[in-house]
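Letters A, B, ... are given to chains in the order of the sequence lines, protein chains preceding strands, and every chain is numbered from 1.
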There are 2 protein chains.
Amino acid sequence: MKTRDRILQASLALFNEEGERNVTTNHIAAHLGISPGNLYYHFRNKADIIYTIFLQYRALVNQYLVVPRDRPLTIKDKMFYLESVFDGLWHYRFFHRDLEYLLTTDERLRRDYRDFTFQCLAEIRAVLQGLQEGGILRSHSDGEQEAMALNAWLVVTNWMAFLKTAHAAEGDGDISREQLRQGIYQVLTLEMPYVTERYHDEVMDLRERYRPELPEGAVMATAF
Amino acid sequence: MKTRDRILQASLALFNEEGERNVTTNHIAAHLGISPGNLYYHFRNKADIIYTIFLQYRALVNQYLVVPRDRPLTIKDKMFYLESVFDGLWHYRFFHRDLEYLLTTDERLRRDYRDFTFQCLAEIRAVLQGLQEGGILRSHSDGEQEAMALNAWLVVTNWMAFLKTAHAAEGDGDISREQLRQGIYQVLTLEMPYVTERYHDEVMDLRERYRPELPEGAVMATAF
DNA sequence: TGACTATTAGAGTATATACTCTAATAATGG
DNA sequence: CCATTATTAGAGTATATACTCTAATAGTCA
């Protein structure tokens, strides 16, 4: 593999494991057994690496999150989108967690991430629309749809961060791919009340497969 | 005011404005016109300052988010909680945004924030329960309630972060208190489908008052 | 007043971090 | 084979950051 790609790969792996803030360019170089000079030959700076990873992430999402506007959607479609989204989220999980600082420092990323967000929101709305046309969701107004899409976005992009805090106790909280997938349960929860009678049971059953297991502490806290 | 309190106040203000990562202890000291030595006389380190601010934040939330278990709740109750929560969120807005790194470095904060999260979730559930008993929300199972509370938590705690990205274009995106309050619209969106017929219109009207104005870019993105 | 403690200033330090520069080594193409 | 370009090593640097240490000053209370 080309050095440039190895840098991207190693950076992503380290960011995911340690968090972007805890990973320096020197770490990345050391991890690969190359010199800092070499790293800086391939990338202007750390923000450049991060931006490039963002482009990969965006490309991945754009690959599957293209919702056909000319036909109704099925439950199978919906589940494919959900699985894909959470899969992408898993591979680039550092991204939404460390976003705050990244956006304050890189103008380019700020602009592009903003657009990316709105593109995703538009696709989420298209999914809702398609499901509605497929008779799976009850119809709702434009305003309703927009608000629902936004809530879905918030739940999806921040599920990882929540898991990290909720499981903070157990050995610094390493989250598994499986746990992340359980965010699907939360997203389906958002939409359950809009599912038509006809499909209600089917969606409920599907959703049940993803039910999260919250850590024990969750109970304890009730006594406060 | 005591120096210790001035340090806390200045730190909070700077964190909110610049983001925790961009504010050093030296900055804080300089901002107050005191020496670093003085600052470190009052606090062991930066994490100590942050932890103390967290305690203030938690105390504030605990002050109002105490839901009576012995009587049904009214819509007025609900709105009070929402307003209070978003108000607290505003004053300590740096907190949820910069959380990621804070939790990786401070064991104590990690534990306490985790508990705090579950306490809040329990109170949110109590609100849902109280509204149900007040005939405002339709009844739902325990599992339903838990999932709904969690979604509400996700929306509430990450609304600020979303605003920051969505408004990234306009002058680095300074968010107003008013815009933050519009998160109430999103939270009410979550619960709308569960509102009983009797209260439907009233809640809809209330909710309308908080409707967010998304930036123009939101539209543009549809063509992608 | 005088002893003691609390507070503060301010210079200073160890470490880390992002990044640069030069020179050497490979690869490539004519 | 030579000339040119691409890649890499590795030492090095400017700056920042969190934090320390000593000595001075202010407050307190017997």
**Members of residues 35-48 of chain A that approach DNA chain D, where some heavy atom sits under 4.0 Å away** = S35(A), G37(A), N38(A), Y41(A), H42(A)

**Item:** R93(A) with E18(A): basic N within carboxylate O range, under 4.0 Å
**Value:** no

**Asked** Do the side chain of E100(B) and the main chain of G19(A) share a donor and acceptor less than 3.5 angstrom apart?
**Response** no

**Prompt:** Can you tell me if N158(B) uses its side chain to pair, donor with acceptor, with the backbone of A161(B) under 3.5 Å?
**Reply:** no

**Request:** Taking atom types as modelled, find out whether Q145(A) and Y194(A) have a side-chain donor-acceptor pair closer than 3.5 angstrom.
**Result:** no

**Prompt:** Any donor-acceptor pair under 3.5 Å linking the side chain of D48(A) with the backbone of R44(A)?
**Reply:** yes

**Prompt:** Is a side-chain N or O of E191(B) found less than 3.5 angstrom from the main chain of L188(B), in a donor-acceptor match?
**Reply:** no

**Complete:** Residue pairs passing the ring-ring contact (aromatic ring centres under 6.0 Å, His included) test with at least one member in residues 4-50 of chain A, sequence neighbours excluded, are F15(A)-F94(A)

**Message:** Just to verify, what does F116(B) make a ring-ring contact (aromatic ring centres under 6.0 Å, His included) with, not counting sequence neighbours?
**Reply:** F54(B), Y57(B)

**Asked** Under 3.5 Å, side chain of R110(B) to main-chain N/O of L103(B), donor-acceptor pair present?
**Response** yes

**Request:** Answer yes or no: is there a side-chain heavy-atom contact under 4.5 Å between L150(B) and W159(A)?
**Result:** yes

**Message:** Counting only heavy atoms and a strict 4.0 angstrom limit, can you tell me which residues of residues 2-33 of chain B come near DNA chain C?
**Reply:** T3(B), G33(B)

Is there any protein nitrogen or oxygen under 3.5 Å from a nitrogen or oxygen in nucleotides 24-28 of chain C, and what are the pairs?
none

**Request:** Please determine, by modelled atom types, if Y51(A) and D112(A) share a side-chain donor-acceptor pair under 3.5 angstrom.
**Result:** yes

**Message:** Using only atom types and a distance under 3.5 Å, with no angle test, would you say the side chain of N26(B) pairs donor to acceptor with the backbone of P36(B)?
**Reply:** no

Can you pull every protein N or O that's under 3.5 Å from an N or O on nucleotides 24-28 of chain D?
none

